[in-house]
Structure formats: structure tokens, C-alpha cells
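This report refers to the structure that appears directly beneath it.
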Amino acid sequence: MSIIYVLIPIAMLFVLIAVGVFFWAVRSEQFDDLDRQGASILFEEDKPNKAVKAHSDNPADKDSNAESQ
């Protein structure tokens, strides 16, 4: 029965922390645009990937392509 005297304050502390984090997120505008991040994975970016461009500029790849033709 004495454990309840420890568990209740710990539970209240967790609730206060969760409420504080929630209000911090609302004030820092974390929930303003919920659709943008979900839709961003569906569309390709306009800019080419630097890794792909760097790979195509590699002179060794051009030599191997010339040999295979």
C-alpha cells in the first residue's frame, strides 16, 4: 500500500510533462501544416540529386561505357 504514495506523484509528474510538451508543440507551430509532410513523399523534387550528377561526371564511367560499345 505504501507504493501508491510513490506511484501517484510519479504519474502526476508524467502527466504534467506530457501536457507541457503538448502546449510547447502547439505554441511552436508544430501542428500548423499536417498535410505538407505527408504529401511531400509523393512528388519528386525538381532539383537533380548531387550524387547522381557526380556519378555521371566520373571519367572512369565514360571509359567503361566507351569500351562496352
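None of the values given here were measured: they were computed from a predicted structure.
- The cluster map of Ile, Leu, Val, Met, Phe, Trp and Tyr, joined by side-chain heavy atoms under 4.5 Å apart, puts Ile10 and Val15 in different clusters.
- Residues meeting the side-chain contact (heavy atoms from CB on, under 4.5 Å) test with Ile8, sequence neighbours left out: Ile4, Met12.
- Partners of Ser28 by side-chain contact (heavy atoms from CB on, under 4.5 Å), not counting sequence neighbours, listed by chain and number: Trp24, Gln30.
- The side-chain contact (heavy atoms from CB on, under 4.5 Å) check on Leu7 picks up Ile3, with sequence neighbours excluded.
- Among residues two or more places apart in sequence or in another chain, the side-chain contact (heavy atoms from CB on, under 4.5 Å) test is passed with Val21 by Ile17.
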